[in-house]
Amino acid sequence: MEDNLAGKNIMVLRPSQQSEELSKQIMEAGGNVIRFPTLEIQPIKNISSRTLKDLVSWSDTIIFISRNAVRVFAGLIGDIQNLLESKTVYAAGMGSQEEAGFAGVNNVISPGPRSGSEALLQLTGLQSKAILDKKVLIVRGDTGRELLKQELESRGAEVKYADIYSRVMPKVSAQDVANIWLHSPPDIIIVTSNQGLYNLISMTPDAHHDSLFATDIVAMSERIAQAARKAGFTNNTVVAESQTDQGLYNAVVNNLE
């Protein structure tokens, strides 16, 4: 197994602080990692720790929508372990659950390998009988899908957002991007968000779009895979069986067999 990615170029689009474990696995298998973050995570400047603490005090239930939500929240608050001690805490996936554990919050409920709003909404504690009249705080970035909030409200919950970070497109020179496609074009691109996918297209010079759209995709979810096909990707688009680093890695290996 250790040479199963030998000579293969794997492009990872994740923000730099989130790509280390996956990149390590790929390199240990002989692959060449092209770290190409198409998103940067920046805390929102106009939200204070006092505002966040007031929102937490208001709520019965906290839902962290991503690793970044946990990381930025902990950075703004400091000690979140005591703050969340009396709350019911959910994470949208195993990554955000793990990140909460790093911050000292261990009693976190997640849907397991299949992450996201749809998976969260299947959990027993978020069904109508359990969530009726509860006050739910969703901690997330400043943009995102409305499905979770809308569905929880339809089940009788009162829901507020804590929008605490923004996702911005990194500044990379067109020549630096062109050099990737001229000298070490990827065999597979690992995509973990729609916005990261769209930013990749925007950041790639038009002259290399044919090569880009002919590259295989490993997607974190079927929703992302559909977005890739709709955007114009024409080769294999493989969906990871679990929305984890291991799931993404396995999908890369299986795609190349």
Side-chain angles (χ1 to χ4, degrees), residues 39 41 44 46-47 51-74 76-77 80 83-100 105-167 191-198 219-230 239-244 247:
L39 291 172
I41 306 302
I44 289 177
N46 62 353
I47 188 165
T51 299
L52 282 180
K53 288 178 180 177
D54 287 344
L55 285 168
V56 171
S57 296
W58 165 85
S59 66
D60 305 299
T61 301
I62 314 288
I63 300 176
F64 289 105
I65 215 68
S66 66
R67 274 187 182 272
N68 292 316
V70 180
R71 187 179 289 121
V72 175
F73 184 85
L76 290 168
I77 295 291
I80 68 171
L83 184 67
L84 302 183
E85 192 172 21
S86 63
K87 308 297 180 180
T88 302
V89 182
Y90 289 88
M94 294 174 68
S96 41
Q97 183 181 35
E98 180 183 55
E99 196 69 36
V105 183
N106 296 309
N107 295 324
V108 178
I109 305 163
S110 91
R114 303 306 302 178
S115 64
S117 296
E118 289 85 354
L120 276 169
L121 289 166
Q122 294 177 21
L123 295 174
T124 301
L126 296 179
Q127 302 309 305
S128 298
K129 288 183 179 179
I131 206 68
L132 181 66
D133 295 329
K134 296 291 187 181
K135 296 175 179 177
V136 180
L137 180 67
I138 299 175
V139 184
R140 65 170 199 167
D142 60 355
T143 58
R145 302 165 70 203
E146 298 296 318
L147 173 66
L148 184 59
K149 181 176 187 289
Q150 290 172 351
E151 184 58 33
L152 290 177
E153 287 176 337
S154 77
R155 296 177 184 183
E158 184 178 353
V159 184
K160 291 184 180 181
Y161 286 131
D163 295 342
I164 62 172
Y165 64 91
S166 59
R167 308 170 189 86
V191 187
T192 55
S193 73
N194 282 4
Q195 188 175 352
L197 173 75
Y198 300 143
M220 178 74 93
S221 69
E222 180 58 37
R223 186 169 61 90
I224 296 169
Q226 290 175 3
R229 296 182 195 109
K230 188 174 181 179
V239 179
E241 289 188 1
S242 66
Q243 296 178 335
T244 61

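Each residue takes its place number in the sequence, starting with 1. All heavy atoms count here, side chains included; hydrogens, waters and symmetry mates do not.
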Partner residues of Tyr165 under the ring pair (Phe, Tyr, Trp, His ring centres under 6.0 Å) criterion, sequence neighbours left out:
none
I'd like to check the salt bridge (charged side-chain N to carboxylate O under 4.0 Å, His left out) partners of Arg223; sequence neighbours left out, ordered by chain and number.
none
Atom pair NZ (Lys135) and OG1 (Thr61), whose distance is rounded to the nearest 0.5 Å:
11.5 Å
Nearest non-hydrogen partners of Ala225 and Val239, listed with the distance
CB-CG2, 3.6 Å
Do Leu152 and Ile63 come within less than 4.5 Å of each other through their side chains, counting heavy atoms only?
yes
Nearest heavy-atom contact between Pro111 and Ala91 is CD-O, 3.3 Å
When you measure from the side chain of Glu151 to the backbone of Leu121, do you find a donor-acceptor pair of N or O atoms at a distance under 3.5 Å?
no
Show me the pairs that pass side-chain hydrogen bond (donor to acceptor under 3.5 Å, both in side chains) and involve residues 83-92, at least two apart or across chains.
none
Testing the basics here: between Ala219 and Ile224, what is the closest heavy-atom pair and its distance to 0.1 Å?
CB-CG2, 3.9 Å
Between atom CZ of Arg67 and atom OG1 of Thr192, what is the distance when rounded to the nearest 0.5 Å?
11.5 Å
Take Phe64 and Leu84, measure what side-chain contact (heavy atoms from CB on, under 4.5 Å) needs, and give me the verdict at the end.
CA-CA 12 Å; Phe64 289 105; Leu84 302 183; 3.9 Å; yes
Counting only heavy atoms not in Asn107, do more than 12 fall under 6.0 Å of its CG?
no
Those residues at least two apart in sequence (or on a different chain) that pass side-chain contact (heavy atoms from CB on, under 4.5 Å) with Glu146 are Arg140, Lys149, Gln150, Tyr161
The criterion is side-chain contact (heavy atoms from CB on, under 4.5 Å); which residues satisfy it with Ala227, sequence neighbours excluded?
Asn194, Leu197, Tyr198
Take atom CD of Glu153 as the centre, draw a 6.0 Å sphere, and report whether it contains more than 12 heavy atoms from other residues, nucleotides or ligands.
yes
Below 4.5 Å, heavy atoms only, C-beta onward: do Ile62 and Phe73 meet side chain to side chain?
no
Sequence neighbours left out, what passes salt bridge (charged side-chain N to carboxylate O under 4.0 Å, His left out) with Glu158? Give chain and number order.
none
Can you name the salt bridge (charged side-chain N to carboxylate O under 4.0 Å, His left out) partners of Lys134, sequence neighbours left out?
none
Residues 117-129 vs salt bridge (Lys or Arg N to Asp or Glu O under 4.0 Å), sequence neighbours excluded, gives Glu118-Arg145
Tell me the closest heavy-atom pair linking Leu39 and Ser193, and the distance in Å.
CD1-OG, 3.5 Å
Just jot down the salt bridge (charged side-chain N to carboxylate O under 4.0 Å, His left out) partners of Asp142, sequence neighbours excluded, or say none.
none
Rounded distance (nearest 0.5 Å) linking atom CG of Asp163 with atom NZ of Lys160:
13.0 Å
Of all residues at least two apart in sequence or in a different chain, which pass the side-chain contact (heavy atoms from CB on, under 4.5 Å) check with Gln127?
Arg155
Which heavy atom of Val108 sits nearest a heavy atom of Ala100, and at what distance?
CG2-CB, 3.8 Å
Does Ser110 have any side chain to side chain donor-acceptor pair (under 3.5 Å) partners at least two apart in sequence or in another chain, and if so, which?
Gln97
Identify the two heavy atoms, one from Ser117 and one from Leu148, that lie closest to each other, and give their separation to 0.1 Å.
OG-CB, 3.8 Å
With sequence neighbours left out, the residues meeting side-chain contact (heavy atoms from CB on, under 4.5 Å) with Ala162 are Leu52, Leu55, Leu137, Val139, Ile164
